[in-house]
Engineer: 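A single structure is presented below for examination.
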Amino acid sequence: MKRILGLLVLMLFLNGCDDGDLTIETINFDDVQAASCGDIIYKLNGNEALYIKIPESANAFSNNVTPTDAPTTIAIGGEVSVTYRAYNGTVTVANLCNTPAPISPVATEEWVASAGTIEIATIAVYSTPDEITGATKILKYIHNIIFKNIVFNKPSGVQV
């Protein structure tokens, strides 16, 4: 009897749980520099592209330093879009910025953001102080872009 009970418990453990077909997909462009053309800011990583379209009228990238706790916030939707694409070959700037785009490589998957916000924090990079006057110049501005609560519509469903 103990053997039968032991076999039943063993079978219960072997067949008791199923995690389903849960797959978590990630987009990682951390080690890639951003570039732009017109209203499009993009990152290319091999056969992947992530790009944001923000019209100039949104004033998202004004050269004004934002306070640390108050970045510029823009809602995704309407004229503001975020798109991820996977291609069947190495993607180049010509695929995003030329009209018409080259025939190859071809986009094999596209995720379009339907909701969320974009936070843009702007900081100024200053020169070293002048030895005589102590004056500094702004050399450039750095815009850090963060996505919050972004929702992508994918061919297989929704990705948050």
Engineer: Return the CD1 to CD1 distance between Ile41 and Ile120, rounded to the nearest 0.5 Å.
Structural biologist: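 Rounded to the nearest 0.5 Å, the CD1-CD1 separation comes out at 6.5 Å.
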Engineer: Is any side-chain heavy atom of Val93 closer than 4.5 Å to a side-chain heavy atom of Tyr42?
Structural biologist: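 SC-SC contact between Val93 and Tyr42 confirmed.
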Engineer: Check the pair Lys148, Ile146 against side chain to side chain contact (heavy atoms under 4.5 Å, CB included), reporting the backbone distance first and the verdict last.
Structural biologist: CA-CA 6 Å; Lys148 295 275 183 143; Ile146 299 172; 4.0 Å; yes
Engineer: Is the shortest heavy-atom distance from the side chain of Tyr126 to the side chain of Lys137 under 4.5 Å?
Structural biologist: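 Sidechains of Lys137 and Tyr126: no contact.
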Engineer: State whether the side chain of Lys43 and the backbone N or O of Phe29 hold a donor-acceptor pair below 3.5 Å, judged by distance alone.
Structural biologist: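 Yes; judged by distance alone, with no hydrogens or angles, the pair exists.
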Engineer: Of the non-hydrogen atoms in Asn47 and Gly89, which two are nearest, and what is the gap between them?
Structural biologist: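 It is CB-O, 3.2 Å.
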Engineer: Measure from the side-chain N and O atoms of Thr108 to the backbone N and O of Ala86, and report whether any donor-acceptor pair falls under 3.5 Å.
Structural biologist: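 Present.
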Engineer: Shortest non-hydrogen contact from Leu44 to Ala49?
Structural biologist: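 Residues Leu44 and Ala49, closest heavy atoms: CD2-CB, 3.7 Å.
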Engineer: Look up atom CD1 in Ile54 and atom CD in Glu79, then write down how far apart they are to the nearest 0.5 Å.
Structural biologist: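 Ile54 atom CD1 to Glu79 atom CD measures 11.5 Å (nearest 0.5 Å).
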Engineer: Check whether Thr90 reaches the backbone of Gly46 with its side chain - one donor and one acceptor, N or O, closer than 3.5 Å.
Structural biologist: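 No.
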Engineer: Locate the shortest heavy-atom distance separating Ile118 from Ile76; write the atom from each residue and the value.
Structural biologist: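 Looks like CG1-CG1, 3.8 Å.
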Engineer: Under the side chain to side chain contact (heavy atoms under 4.5 Å, CB included) rule, what do Ser81 and Tyr51 come out as? Steps first, then yes or no, please.
Structural biologist: CA-CA 8 Å; Ser81 64; Tyr51 61 95; 5.6 Å; no
Engineer: Report yes or no: does Asn88 contribute a side-chain atom to a donor-acceptor pair with the main-chain N or O of Val106 at less than 3.5 Å?
Structural biologist: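 Yes, Asn88 side chain to Val106 backbone: donor-acceptor pair under 3.5 Å.
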Engineer: Yes or no on side chain to side chain contact (heavy atoms under 4.5 Å, CB included) for Val125 and Ile142, after CA distance, side-chain angles and deciding distance?
Structural biologist: CA-CA 7 Å; Val125 177; Ile142 296 176; 3.5 Å; yes
Engineer: Given the rule that I, L, V, M, F, W and Y join up when any side-chain heavy atoms are under 4.5 Å apart, are Ile52 and Tyr87 in one cluster?
Structural biologist: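 Ile52 does not cluster with Tyr87.
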Engineer: Does Thr66 use its side chain to pair, donor to acceptor, with the backbone of Thr122 at less than 3.5 Å?
Structural biologist: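 Yes, because the side chain of Thr66 sits within donor-acceptor range (under 3.5 Å) of the backbone of Thr122.
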Engineer: I'd like to know whether CG of Asp130 has more than 12 heavy-atom contacts from other residues, nucleotides or ligands below 6.0 angstrom.
Structural biologist: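 Atom CG in Asp130 is crowded, with more than 12 foreign heavy atoms closer than 6.0 Å.
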Engineer: Can Val91 be reached from Trp111 by stepping across I, L, V, M, F, W or Y side chains whose heavy atoms are under 4.5 Å apart?
Structural biologist: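 Unlinked, Trp111 and Val91 end up in two clusters.
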Engineer: With a 4.5 Å heavy-atom cut-off, do Lys53 and Val80 have their side chains touching?
Structural biologist: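 No, too far: nothing below the 4.5 Å cut-off.
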Engineer: First locate atom CG of Leu50, then atom CZ of Arg85, and finally report the distance between them rounded to the nearest 0.5 Å.
Structural biologist: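 Interatomic distance, Leu50 CG to Arg85 CZ, rounded to 0.5 Å: 11.5 Å.
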Engineer: A side-chain contact here means heavy atoms from C-beta on lying under 4.5 Å apart; do Val82 and Phe147 qualify?
Structural biologist: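 Val82 reaches Phe147 side chain to side chain.
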Engineer: If you look at every heavy atom in Pro102 and Ala94, which pair is closest and at what distance?
Structural biologist: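 Result for this residue pair: CD-O, 3.3 Å.
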Engineer: Show the nearest heavy-atom pair for residues Pro129 and Gly134, with the distance to one decimal.
Structural biologist: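 Shortest heavy-atom contact: CB-O, 3.7 Å.
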Engineer: Hey, quick one: are Phe152 and Ile40 part of the same hydrophobic cluster, counting side-chain heavy atoms closer than 4.5 Å, chains of contacts allowed?
Structural biologist: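 In one cluster: no.
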Engineer: Between Glu110 and Tyr84, is there a side-chain donor-acceptor contact under 3.5 Å, judged purely by atom types and distance?
Structural biologist: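 There is no such pair between these side chains.
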Engineer: From Thr72 OG1 over to Glu119 CD, what is the distance, rounded to the nearest 0.5 angstrom?
Structural biologist: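 Reported value, rounded in 0.5 Å steps: 9.5 Å.
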